[in-house]
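The structure appears right after this line, and notes come after that.
Just so it is clear, the values below take in all heavy atoms, side chains as well, and ignore hydrogens, waters and symmetry mates.
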Amino acid sequence: MRRVLIITFIILCVVFVIIQFFQPEKNKSTDVSNHIFTSEQVPDNIASMFKNACLDCHSNNTKYLWYHNLSPVSWMVNKHVIAGKDELNLSEWGKMDIYDKISTLEEICQETKRKTMPLKSYSSMHKEAKLTDEQIAELCSWSTKLSEQLLTEAAEN
């Protein structure tokens with residue numbers, strides 16, 4: 001029995017080492033030409049919320065922690081980033097149509113109010129990502145103001 005446990009442990013260790021050679025591509029980009037921070041005037045408090053709670057999954061630049069480099073964690077993180085960018089990519093904000101921006105701003109407010117964003121799995125590992133009710137109210141107020149501004153710009157054009 002002891003021999004079986006030792007062999008099993010050795011096999012698991014070898015498998016763990018082997019899977020480290022299969023890492024997904026990192027979500028790293030230096031292009032900020034279409035980023036929301038470049039395209040819009042974002043107040044510092046809102047920018048801080050985006051940086052802490054949104055941008056790792058909803059932009060072209062993820063902050064990776066040491067354990068994100070370990071498979072299979074790296075695979076899970078990559079899957080979340082791909083799904084997040086499919087829903088909303090704040091690095092591509094400047095390329096979006098004004099009406100898409102307005103609906104996205106409304107969705108940002110609704111998702112945070114429902115507390116479906118940021119994901120619980122993310123905010124449990126990143127305490128700064130957990131938004132308070134006050135922060136959510138600030139975010140919704142800002143998104144409403146920006147939506148109104150964008151609507152005014154659309155009407156003028």
Side-chain angles (χ1 to χ4, degrees), residues 16 19-157:
F16 181 76
I19 67 172
Q20 299 314 307
F21 291 101
F22 301 95
Q23 295 287 328
E25 186 176 335
K26 299 285 187 207
N27 183 43
K28 292 280 189 187
S29 173
T30 56
D31 180 17
V32 294
S33 60
N34 288 302
H35 198 283
I36 191 168
F37 294 161
T38 306
S39 303
E40 307 294 343
Q41 289 186 345
V42 181
D44 290 342
N45 62 328
I46 303 300
S48 178
M49 282 184 247
F50 277 140
K51 287 175 186 172
N52 292 333
C54 308
L55 293 181
D56 277 346
C57 293
H58 295 287
S59 76
N60 291 336
N61 197 5
T62 301
K63 280 187 308 190
Y64 290 97
L65 302 175
W66 68 269
Y67 55 87
H68 293 150
N69 294 312
L70 297 175
S71 294
V73 174
S74 61
W75 304 336
M76 183 189 73
V77 169
N78 187 57
K79 181 179 173 187
H80 281 271
V81 169
I82 289 170
K85 286 172 55 174
D86 283 347
E87 286 296 319
L88 169 64
N89 188 345
L90 294 169
S91 292
E92 304 296 326
W93 183 264
K95 295 178 182 178
M96 291 172 64
D97 174 81
I98 287 180
Y99 298 106
D100 289 336
K101 289 178 182 179
I102 292 168
S103 65
T104 298
L105 289 165
E106 184 178 324
E107 284 180 50
I108 290 171
C109 179
Q110 293 304 315
E111 294 285 333
T112 54
K113 274 186 180 178
R114 286 189 217 115
K115 302 201 185 237
T116 53
M117 281 290 144
L119 296 175
K120 289 190 186 344
S121 60
Y122 183 82
S123 58
S124 67
M125 296 296 288
H126 303 85
K127 298 299 181 198
E128 69 280 359
K130 189 169 182 151
L131 300 177
T132 65
D133 291 339
E134 288 175 349
Q135 288 176 308
I136 292 170
E138 289 174 17
L139 183 61
C140 288
S141 175
W142 171 80
S143 67
T144 301
K145 286 178 190 173
L146 182 56
S147 293
E148 290 169 356
Q149 178 185 336
L150 291 170
L151 198 56
T152 301
E153 287 176 18
E156 290 173 358
N157 292 331

side-chain contact (heavy atoms from CB on, under 4.5 Å) between His35 and Leu55, worked out:
CA-CA 10 Å; His35 198 283; Leu55 293 181; 4.0 Å; yes
Flag, side chain of Ser143 to backbone of Cys140, donor-acceptor distance under 3.5 Å:
yes
Could you check whether Ser71 and Ser74, counting side-chain N and O atoms only, form a donor-acceptor pair closer than 3.5 Å?
yes
Using modelled atom types only, decide if a donor and an acceptor are shared between the side chain of Thr152 and the backbone of Glu148 within a distance under 3.5 Å.
yes
Between the side chain of Glu87 and the main-chain N/O of Ala83, is any donor-acceptor distance below 3.5 Å?
no
Supply the atom-to-atom distance Gln110 CD to Met117 CE, rounded to the nearest 0.5 angstrom.
14.0 Å
What's the spacing between Ile36 CD1 and Gln41 CD if we round to 0.5 Å?
12.0 Å
Those residues at least two apart in sequence (or on a different chain) that pass salt bridge (Lys or Arg N to Asp or Glu O under 4.0 Å) with Lys95 are Glu92
Could you walk me through whether Asp31 and Ser33 pass the side-chain hydrogen bond (donor to acceptor under 3.5 Å, both in side chains) check?
CA-CA 6 Å; Asp31 180 17; Ser33 60; 2.8 Å; yes
Measure the CG-OG distance between Asp97 and Ser103 for me, rounded to the nearest 0.5 Å.
8.5 Å
Might you work through the side-chain contact (heavy atoms from CB on, under 4.5 Å) test for Ser39 and Met96, ending with a clear yes or no?
CA-CA 11 Å; Ser39 303; Met96 291 172 64; over 6 Å; no
Hey, is the main chain of Val77 close enough, under 3.5 Å, to the side chain of His80 for a donor-acceptor pair?
no
Check against side-chain contact (heavy atoms from CB on, under 4.5 Å), Lys85 and Asn27
CA-CA 10 Å; Lys85 286 172 55 174; Asn27 183 43; 2.9 Å; yes
Is the Phe50 ring parallel, tilted or perpendicular to the Phe37 ring (thresholds 30°, 60°)?
tilted
Just by modelled atom types, is the Asn34 backbone N or O under 3.5 Å from a matching donor or acceptor in the Thr38 side chain?
no
Sidechain N-carboxylate O distance under 4.0 Å for Lys115, Asp133
yes
Check: Asn69 main-chain N/O paired with Gln23 side-chain donor or acceptor under 3.5 Å:
yes
Among residues at least two apart in sequence or on other chains, which ones pass ring pair (Phe, Tyr, Trp, His ring centres under 6.0 Å) with His126?
Tyr122
Contact check, side chains of Leu151 and Ser147, non-hydrogen atoms, under 4.5 Å:
no
Is the backbone of Asp56 close enough, under 3.5 Å, to the side chain of Thr62 for a donor and an acceptor to pair up by distance?
yes
Derivation of the side-chain contact (heavy atoms from CB on, under 4.5 Å) call for Trp93 and Leu90
CA-CA 5 Å; Trp93 183 264; Leu90 294 169; 4.0 Å; yes
Is the side chain of Thr116 donor-acceptor paired with the backbone N or O of Glu111 at a distance under 3.5 Å, no angle test?
yes
